[in-house]
Amino acid sequence: MAINWYKYASPASFYTLAGKMVPLFTILAIGLLVIGLYIGFFVAPTDFQQGEAYRIIFIHVPAAWMSMFLYVVMACWAGIGLAFNTRLSSMMATAIAPTGAMFTFLALWTGSLWGKPMWGTWWVWDARLTSELILLFLYIGFMSLQAAIDDPRRADKAGAIIALVGVINIPIIYFSVQWWNTLHQGASVSVNQAPTMASVMLTGMMVMVLASWMYSIAVILKRVRIIILERESHTAWVAELRKKGAL
Amino acid sequence: MNWSSWSEFFAMGGYGIYVWGSYLVTLICVMSEVLLISRRHRTLSKTYGLIHDSYGKENSDKEVLINTEIDSLNNEKQSVKAASSTEEIEK
């Protein structure tokens, strides 16, 4: 059976699909969060170098990964919206931005609280930290630009250009620890090397990464549903929903 | 098990302020994001509720009345116009 993917490019059918997916991903997020925190605090042992302070890793790394990943996804949707003029793609980009910004802020915040006991400073202007801060500004720039333009379709186009130009920052963040001599440590997990972490710690971290994924999907789908309703309020199918009292 | 007591758990080996500072702020951010989204949804359905009312059953009779009033006014105008035009023709 072939699934007609184009069907879900229509805001009306995607609205229904997303509505079914939100509770599923919420449950998955909560479940994984409980397991991840349990492993992180009760199963994973104390680090021989960093003591208990390393337990920040269970939110720092997922937040940092999500901040970069969500930016790439946002730029992809924005680019598709710009190229093919599909309304839903641009709405997805708009829905992703606040969650991405939140994870970027959390990566910086937890990194700062980790840096103080380990490096002896809250902040340094090194490549990794600075490029991550620029990422936060890119998210904020994208959101403020969209908020400043009244016509949503023009806001989509202007936002897409910021999002696409800003993608250049993602490889800079990722490779910053290799390209420059930074205070930030190198990658803990990479594709072509064995992880430099104890396996229990790694398991806990990966479960927390999965939990952040599920959380992001749930929140972004919930937000895109609201954006769809806001923008499609003049259409017949929204009027139909309104009649049924299903809003 | 890593901890022999709750106080040891909260102390985090002397790093309590850093570890809990991270987790607490994360919790606040996540909670406020969820709260903001549900509030945005509520505002939206309230706005739609208002739109719904103005097109809904309660006001539909009123609207019909207003429309018929406007219609009758228009008819009067037209008949006046018609009358004046016939007068002009007669002149």
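Just so it is clear: chains get the letters A, B, ... in the order the sequence lines come, proteins before strands, and each one is counted from 1.
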> So which residues of residues 90-101 of chain A are in contact with chain B at a heavy-atom cut-off of under 4.5 Å?
Replying inline: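 Within residues 90-101 of chain A, near chain B: A:P98, A:T99.
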> Taking only heavy atoms into account, what residues of residues 102-118 of chain A are found under 4.5 Å from chain B?
Replying inline: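 Interface residues of residues 102-118 of chain A: A:M102, A:F105, A:L106, A:W109, A:T110, A:L113, A:K116, A:P117, A:M118.
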> Quick one: do B:E33 and A:R223 make a salt bridge, cutoff under 4.0 Å?
Replying inline: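 Yes, this pair counts.
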>> Strictly less than 4.5 Å between heavy atoms, which residues of residues 6-14 of chain B line up against chain A? Please order them by number.
In response: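 From residues 6-14 of chain B, the residues near chain A are B:F9, B:M12, B:G13.
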> Can you check whether A:M21 reaches A:L17 side chain to side chain, under 4.5 Å on heavy atoms?
Replying inline: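 Sidechains of A:L17 and A:M21: in contact.
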> So, do B:Y15 and A:I56 sit near enough that their side-chain heavy atoms are less than 4.5 Å apart?
Replying inline: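 B:Y15 vs A:I56: side chains apart.
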> Given a strict heavy-atom distance threshold of 4.5 Å, which part of A:A44 is in contact with chain B: side chain, backbone, both, or neither?
Replying inline: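 When you check distances to chain B, only backbone atoms of A:A44 fall under 4.5 Å.
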>> Heavy-atom cut-off 4.5 Å, strictly under: side chain, backbone, both or neither for A:Y54 against chain B?
In response: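 Looking at A:Y54, nothing touches chain B.
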> Who pairs with A:W122 by ring pair (Phe, Tyr, Trp, His ring centres under 6.0 Å), at least two apart in sequence or on another chain?
Replying inline: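 Not a single residue meets the ring pair (Phe, Tyr, Trp, His ring centres under 6.0 Å) criterion with A:W122.
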> From A:M201 CE over to A:M205 CE, what is the distance, rounded to the nearest 0.5 angstrom?
Replying inline: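 Answer for the CE-CE pair, A:M201 versus A:M205, is 11.5 Å.
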> For chain A, which of B:V34, B:L36, B:V30 has the most heavy-atom pairs under 4.5 Å?
Replying inline: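 Highest number of pairs under 4.5 Å: B:V30.
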> If you tally heavy-atom pairs under 4.5 Å against chain A, which of B:S38, B:G21, B:G16 wins?
Replying inline: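 Going by pairs under 4.5 Å, I would pick B:G21.
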